[in-house]
Q: 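Sharing a structure below in structure tokens format, with a few things to ask.
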2 protein chains.
Amino acid sequence: MAISSTERTDVNRSAILAHLGASGPASRAELARTLSVSPALMTQLTRELITDGLVVELESAPSSGGRPARMLGLVAGGGRAIGIKVVADHIAFVEVGIDGRVLRSQSEPFDAAAATALAELSDRIRSFIDGGADAPLLGVGVGVPGSVDLPGSGVVDAPQLDWVQVPIGESLRRSLGLPVIVENNVNALAAAERLFGLGRTTANFLIVTIGTGVGAAIVADGRIMRGASGGAGELGHFPVADEGPSCRCGNLGCLEAHISEDALVSAALERGVLPAGAGISELLAAADRGDSSAIGVFEDAGRLLGRTLAGVVQVVDPALVIVLGEGTAAWAHWSGGFEPAFRAHLMARRRSIPVEVERWQDDSWAQGAAALVLATPFESEGLTGDQGRLIRARLVEQAARQ
Amino acid sequence: MAISSTERTDVNRSAILAHLGASGPASRAELARTLSVSPALMTQLTRELITDGLVVELESAPSSGGRPARMLGLVAGGGRAIGIKVVADHIAFVEVGIDGRVLRSQSEPFDAAAATALAELSDRIRSFIDGGADAPLLGVGVGVPGSVDLPGSGVVDAPQLDWVQVPIGESLRRSLGLPVIVENNVNALAAAERLFGLGRTTANFLIVTIGTGVGAAIVADGRIMRGASGGAGELGHFPVADEGPSCRCGNLGCLEAHISEDALVSAALERGVLPAGAGISELLAAADRGDSSAIGVFEDAGRLLGRTLAGVVQVVDPALVIVLGEGTAAWAHWSGGFEPAFRAHLMARRRSIPVEVERWQDDSWAQGAAALVLATPFESEGLTGDQGRLIRARLVEQAARQ
DNA sequence: TCTGCTTAGTTCAGGACTAAATAAACAGTA
DNA sequence: TACTGTTTATTTAGTCCTGAACTAAGCAGA
């Protein structure tokens with residue numbers, strides 16, 4: 001059956017579908033409030049979606065003093081999206097449903113610096129897609145450790161991958177024939193958090209990641225802050241001292257050079273806490289069994305992160321801080337240093353800002369990348385451009401082909 | 001004559017007027033591009049404005065290969081706005097034209113902590129207004145050293161003024177019977193810079209102020225970033241060390257406690273550079289006549305500011321940094337410390353970001369506050385609410401009463 | 001049971017806006 | 001001089017969306 005809407009940018013229709021997919025059934029009034037459109041328009045749009053067979057009316061919800069709401073739900077099995085995490089030595093894939101849940105995941109070694117990296121990447125994605133369900137595929141999200149000009153364009157600068165102005169978006173788009181959204185990996189996490197996590201109810205929050213590197217993403221007024229060149233959130237290279245260990249970025253005194261996993265291991269080796277050749281997992285194990293020197297290494301890192309993050313919170317004024325990343329496995333040990341330093345350096349008015357540490361999983365990065373695709377229906381304009389339009393079209397058409 | 005438009009929110013009409021007032025005559029096509037609406041709509045809107053007698057067609061501009069543009073200009077003498085700077089011990093007023101130029105200014109002692117401060121403030125404003133021109137008054141902008149819930153509401157938290165949740169906006173609105181916009185003073189500068197200054201051509205920039213305090217404002221995607229509680233930009237309380245001099249905010253190691261004017265004077269006294277009782281002007285004078293110890297005090301401050309600001313630039317990713325404030329008088333001396341520290345701590349990709357130091361005048365703060373009023377026609381929604389609507393209505397009606 | 005209150009949803013009229021086609025008015029060029 | 005290309009401005013037809021008025025459907029209390 002043909003969809004009644006023409007080729008126009010139908011942000012609202014797909015936002016309704018995405019919201020129903022992500023948050024479950026909702027009433028018209030609720031949808032109108034959430035997407036901030038008038039109830040009148042919502043009536044009209046849902047009518048179209050119902051006659052198009054994409055949405056059904058469910059049971060009435062119990063009344064709360066007024067006319068009971070008639071709930072609306074998705075008809076289709078929902079779309080799916082692919083999320084990809086790219087780092088220097090491996091790639092990870094996930095396939096997620098429209099509600100953000102992971103259906104399938106996979107991880108492989110990969111040489112990002114190879115000359116054939118782009119072609120290789122495309123092949124790997126293709127074969128991952130082929131192994132998946134046959135539900136309609138909305139698009140592919142890619143998270144990279146670097147800055148991206150625009151998510152819908154996808155030109156990447158990523159020193160860690162040896163990438164300078166690599167047009168990965170354009171390249172994948174052509175070879176895959178699918179909508180592709182590329183974004184900095186921490187920003188991708190922020191998109192996921194905004195859609196499915198704690199950010200759903202908070203329009204101003206800060207994401208901080210710890211692990212092999214240190215990163216941040218800023219969400220202000222519900223929008224991910226990208227900065228002039230898509231490079232906002234580079235917390236890892238915040239200088240915390242005039243001198244200090246040299247960072248892989250070439251500068252001295254970067255936060256990351258003090259508290260990345262490699263830095264912690266170096267510190268532990270220097271202090272004789274670990275035997276030569278040991279790594280971060282040994283350090284964590286030592287701390288876990290109560291080795292106070294090992295715990296001290298984490299606490300020192302926590303103190304430095306706490307102080308620096310306090311400054312960033314003063315400047316950015318979020319309502320919530322979310323800590324993520326592989327390093328959160330050791331958060332219990334960071335915490336003893338982080339909490340006092342963080343709180344002590346905040347202004348009185350901000351001192352009680354909540355810091356949430358969410359459970360971290362191996363595929364969280366890739367899951368974030370997939371959220372880039374699932375978030376596009378909600379953005380009224382701009383960043384994703386053509387790719388956003390394509391994803392919306394796919395979402396609206398998904399059930400029509402049955 | 002009655003204005004054809006009803007009570008609806010006519011953002012575009014007033015944005016056209018404001019743009020013509022601020023930037024001078026422009027063609028329809030130019031206006032359409034600047035305000036990002038279709039040429040068709042611009043034809044329609046300008047026709048209304050012309051028949052309403054608010055805008056006139058001027059000479060044709062010389063062609064650049066196509067049909068020559070017919071320029072449009074304002075008919076009315078333009079509106080005016082009042083800007084007010086409030087600090088602990090004095091207030092400053094300016095009256096500005098619609099192009100942002102200062103017509104008149106005044107400064108008086110004032111006790112912000114007094115119980116009657118609000119009533120007093122209102123009286124002073126009233127008498128300043130009465131002394132002014134009789135051009136239509138669009139509204140009153142107030143800049144405060146603290147955080148404001150919403151510019152159109154105006155509830156202020158300002159430790160420096162001993163103000164806790166003071167509803168200055170509501171209060172002034174009632175007593176003056178005029179639209180009142182209240183905002184943090186550095187954010188007000190940012191609004192002015194965005195309208196009339198270097199920010200006109202840059203959507204992502206950072207304002208930094210040095211002087212009695214240290215502040216910042218962040219403009220991202222053309223919008224002033226306010227944070228969750230309107231307190232974004234508190235650069236002064238960025239912790240730069242675990243310990244350190246205690247700050248008036250109560251914490252230790254704040255940037256402001258190291259590089260505010262008071263801190264510089266203290267440092268100079270400690271080092272024996274200045275005799276007891278001397279102040280910042282003596283320190284500047286000493287540096288100006290080449291006293292290397294005095295210069296060293298400024299350079300140390302510059303180094304610390306440079307390093308911290310480099311971090312903020314990494315996190316926020318602006319395209320431009322603008323330095324303002326009373327302290328810029330001594331910038332030549334800061335610079336020797338600032339430049340190397342700032343550049344050395346930036347990632348290679350950002351190292352060439354321009355830092356502009358603009359000429360500072362006594363009434364710049366108040367001028368910024370006035371810009372809050374002049375900027376309202378351009379914001380399509382939200383922050384200023386009713387006050388914005390009132391200001392727009394006044395702008396559109398300004399000439400109709402002739 | 002009736003009245004008032006609250007919330008949900010619909011209808012209708014009309015305003016804001018755009019895309020596309022067209023006209024107008026130039027510059028450059030062979 | 002006619003032709004091409006460019007930029008500006010206008011007209012037209014129609015889309016998107018909202019406000020206001022209204023209906024629908026419950027609850028709570030007199």
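Chain letters run A, B, ... following the sequence lines, proteins first, then strands; residues in each count from 1. The analysis underlying the following values was restricted to heavy atoms, covering all of them including side chains, and did not include hydrogens, waters or symmetry mates. All values derive from a computational prediction rather than experimental measurement.
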Q: Whole-Å distance between dA25(D) C1' and Arg28(A) CZ?
A: 14 Å
Q: Can you measure Arg13(B) atom CZ to dG15(C) atom C1' for me and round it to whole angstrom units?
A: 13 Å
Q: Starting at the 5' end of DNA chain C, which residue's closest nucleotide do you reach first, Arg47(A) or Pro39(B)?
A: Arg47(A)
Q: Which part of the nucleic acid, if any, lies within contact of Ala40(B), taking any heavy atom under 4.0 Å across all strands shown: a base, the sugar-phosphate backbone alone, or nothing?
A: base
Q: To the nearest Å, how far apart are Met71(A) CE and dA8(C) C1'?
A: 12 Å
Q: Kindly give the atom pairs (protein nitrogen or oxygen, nucleotide nitrogen or oxygen) under 3.5 Å for nucleotides 24-28 of chain C.
A:
residue: dA25(C); atom: N3; partner: Arg67(B); partner atom: N; Å: 3.1
residue: dC26(C); atom: O2; partner: Gly65(B); partner atom: O; Å: 3.0

Q: Starting from C1' on dG14(D), measure out to CG on Leu41(B) and report it in whole angstrom.
A: 15 Å
Q: Using whole Å, report how far CG of Leu35(A) lies from P of dC17(D).
A: 11 Å
Q: For the pair made of CD1 in Ile16(A) and P in dC17(D), what is the distance, rounded to whole Å?
A: 10 Å
Q: Given atom CD of Glu59(A) and atom C1' of dG26(D), what is their separation to the nearest angstrom?
A: 16 Å
Q: Salt bridge or not for Glu30(A) and Arg33(A), using N-O below 4.0 Å?
A: no
Q: Using whole Å, report how far CE of Met42(B) lies from P of dT7(D).
A: 19 Å
